[in-house]
Chemist: 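Here's a structure for you.
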Amino acid sequence: MTASMHRLTLPEQTIAYLDIPASAASARDGVPLVLLHGGAVDHRMWIPQVASFPDRRVIIPDARGHGESSDARSPYRLGDDVIALLDALGIERAVLAGVSMGGGTAVDVALEHPGRASALVVSGTGTSEPNFTNPWCLDVLRRWQAAESSGDLEDWISVFSEFTAGPRRERDGVDPRVVELVETMARDTVAKHLRLDADGAPIAPMPFTPVTRTWERLDRIDVPVLALCGAVDGTDHRRMGKRLSASVPDGEYEEIPGAAHYPNLERPDLFDTAVAEFLASRGV
């Protein structure tokens, strides 16, 4: 299935998004599903899921500063951007599914905008306030930041790809199509959104305003939450997913074998089935 990009123009931003209607042959039009991508990538990470939920309207936005959406020029919160899109589309409640940064955004929406999420699927994180302690992850983050500071694009992408493989595999242990897609998205993010100063040095993008006290407030999330992580993702990422599922009133934790930080790309069959079965079990 092919889908074209839509653009919502608001006073302070333009949100680009895919909007795939429920199949006409579907028995029922379920609660819409919003898929939220991770940092440094864009809506294309969800292409395997475009036709996977025919009973639901599927909406896949580019976050601010990513893909075809506009850059931030003033303070903003990613969760508020999701609500702005839902409001413009006349959607009161939706299932929010996100990987990494997108997973944190989904949790932010549930915490800051009660009643707007029907269920959450969170992968590769716990909340938008990640806590990293594992030496492998800390080393990758340190080298990634160093590459960004130096303006070495190829090194930045190379280090970023280590999250795709995870700590227990080499790059050649991952489907090359997945590696190529993630690296292409990351390279495009830089090409479309990186600004340089007069000396040619990269200008750090305006960071989103963080939502705080997320971990302490998880018991207030009154919708079903599935933490769905790759089994070979980093220890910290899986630990946070387990903590999330254990901290909400209705939480479940599951791992996708043979996948790291992007289980929806590496094992879309298992990822999609897990999401569909979870939502069906909760009547969402």
Side-chain angles (χ1 to χ4, degrees), residues 1-10 12-26 28-39 41-70 76-124 128 185 189 208 223-226 228 262-265 268 271-272 274-276 278-280 282 284:
M1 176 185 294
T2 59
S4 59
M5 294 297 288
H6 300 265
R7 285 172 175 76
L8 171 65
T9 301
L10 299 172
E12 291 192 357
Q13 65 170 316
T14 297
I15 303 175
Y17 63 98
L18 296 178
D19 191 348
I20 301 97
S23 169
S26 175
R28 67 181 181 89
D29 187 354
V31 178
L33 172 63
V34 179
L35 302 175
L36 304 171
H37 65 76
V41 295
D42 59 47
H43 70 277
R44 287 174 289 178
M45 70 161 285
W46 292 110
I47 292 304
Q49 282 67 51
V50 164
S52 299
F53 303 93
D55 60 337
R56 301 178 188 274
R57 180 182 183 183
V58 178
I59 299 161
I60 314 176
D62 280 334
R64 209 183 299 211
H66 295 73
E68 302 299 326
S69 289
S70 59
Y76 72 104
R77 301 194 306 179
L78 290 169
D80 296 343
D81 287 353
V82 173
I83 293 299
L85 178 59
L86 294 181
D87 287 347
L89 297 178
I91 297 173
E92 182 61 31
R93 293 172 66 90
V95 175
L96 304 178
V99 169
S100 198
M101 180 185 79
T105 300
V107 173
D108 284 350
V109 170
L111 289 173
E112 298 293 293
H113 301 275
R116 301 306 299 271
S118 296
L120 305 180
V121 179
V122 177
S123 183
S128 59
M185 290 187 290
T189 296
F208 57 83
V223 299
V225 178
L226 172 63
L228 185 59
Y262 302 101
N264 70 298
L265 286 174
F271 184 92
D272 299 349
V275 172
F278 176 75
L279 296 177
R282 299 312 198 271
V284 178

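On a predicted model such as this, the values are computed, not experimentally measured, just so you know.
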Chemist: Supply the atom-to-atom distance L86 CG to I91 CD1, rounded to the nearest 0.5 angstrom.
Modeler: 5.5 Å
Chemist: For Y76, which residues count as a ring-ring contact (aromatic ring centres under 6.0 Å, His included) partner, sequence neighbours excluded?
Modeler: none
Chemist: Could you work out, with side-chain hydrogen bond (donor to acceptor under 3.5 Å, both in side chains) as the rule, every residue matching D19, not counting sequence neighbours?
Modeler: R57
Chemist: Distance from S123 atom OG to N264 atom CG, nearest 0.5 Å?
Modeler: 7.0 Å
Chemist: For S52, what residues pass the side-chain hydrogen bond (donor to acceptor under 3.5 Å, both in side chains) criterion, not counting sequence neighbours?
Modeler: D272
Chemist: I'd like to check the side-chain contact (heavy atoms from CB on, under 4.5 Å) partners of A84; sequence neighbours left out, ordered by chain and number.
Modeler: L10
Chemist: Which atom pair, heavy atoms only, marks the closest approach of A94 to V31?
Modeler: CA-CG1, 3.7 Å
Chemist: Decide yes or no for V107 and L120: does some side-chain heavy atom of the first lie under 4.5 Å from some side-chain heavy atom of the second?
Modeler: yes
Chemist: Considering residues at least two apart in sequence or located in another chain, which fulfil the side-chain contact (heavy atoms from CB on, under 4.5 Å) criterion with A119?
Modeler: V95, P224, L279, V284
Chemist: What's the separation between atom CG in D81 and atom OG in S69, rounded to the nearest 0.5 Å?
Modeler: 8.5 Å
Chemist: Can you list the steps and then say if L265 with F271 is a side chain to side chain contact (heavy atoms under 4.5 Å, CB included)?
Modeler: CA-CA 9 Å; L265 286 174; F271 184 92; over 6 Å; no
Chemist: Is it true that a side-chain atom of D62 and a backbone atom of I15 form a donor plus acceptor pair closer than 3.5 Å?
Modeler: no
Chemist: Pair V275, F53 - check side chain to side chain contact (heavy atoms under 4.5 Å, CB included), show working.
Modeler: CA-CA 10 Å; V275 172; F53 303 93; 3.8 Å; yes
Chemist: With the side chain counted from C-beta on, respond yes when L85 and Y17 share a heavy-atom pair under 4.5 Å apart, and no when they do not.
Modeler: yes
Chemist: Can you run down the salt bridge (Lys or Arg N to Asp or Glu O under 4.0 Å) pairs that involve residues 109-119, sequence neighbours left out, and say none if there aren't any?
Modeler: R77-E112, D87-R116, E92-R116, E112-R217
Chemist: Could you pull out all donor-acceptor pairs under 3.5 Å where a side-chain atom in residues 99-106 meets a protein atom, sequence neighbours excluded?
Modeler:
residue: S100; atom: OG; partner: H261; partner atom: NE2; Å: 3.0
residue: T105; atom: OG1; partner: M101; partner atom: O; Å: 3.0

Chemist: Return the set of residues passing side-chain hydrogen bond (donor to acceptor under 3.5 Å, both in side chains) with H113 (not counting sequence neighbours), or none when no residue passes.
Modeler: D80
Chemist: By the salt bridge (Lys or Arg N to Asp or Glu O under 4.0 Å) test, which pairs, at least two apart or in different chains, include something from residues 44-53?
Modeler: D42-R44, R44-D188
Chemist: Return the set of residues passing side-chain hydrogen bond (donor to acceptor under 3.5 Å, both in side chains) with R282 (not counting sequence neighbours), or none when no residue passes.
Modeler: D250, E252
Chemist: Side chain to side chain contact (heavy atoms under 4.5 Å, CB included) for V58 and L35? Distances and angles first, verdict last.
Modeler: CA-CA 7 Å; V58 178; L35 302 175; 3.8 Å; yes
Chemist: Not counting sequence neighbours, which residues clear ring-ring contact (aromatic ring centres under 6.0 Å, His included) with H37? List them please.
Modeler: H66
Chemist: Please check if the side chain of R56 supplies one atom and the backbone of L33 the other of a donor-acceptor pair under 3.5 Å.
Modeler: no
Chemist: Take V121 and L96, measure what side chain to side chain contact (heavy atoms under 4.5 Å, CB included) needs, and give me the verdict at the end.
Modeler: CA-CA 6 Å; V121 179; L96 304 178; over 6 Å; no
Chemist: Do H43 and W46 come close enough that some side-chain heavy atom pair is under 4.5 Å?
Modeler: no
Chemist: Taking the side chain as everything from C-beta on, heavy atoms only, tell me whether I83 gets closer than 4.5 Å to V109.
Modeler: yes
Chemist: Closest heavy-atom contact between L228 and P263?
Modeler: O-CG, 4.3 Å
Chemist: Is there a side-chain contact between M45 and L36 (heavy atoms, below 4.5 Å)?
Modeler: no
Chemist: Looking at every non-hydrogen atom in both residues, tell me the closest pair between A117 and V223 and how far apart they are.
Modeler: O-CG1, 3.2 Å
Chemist: The criterion is side-chain contact (heavy atoms from CB on, under 4.5 Å); which residues satisfy it with R7, sequence neighbours excluded?
Modeler: M5, T14, A16, E68
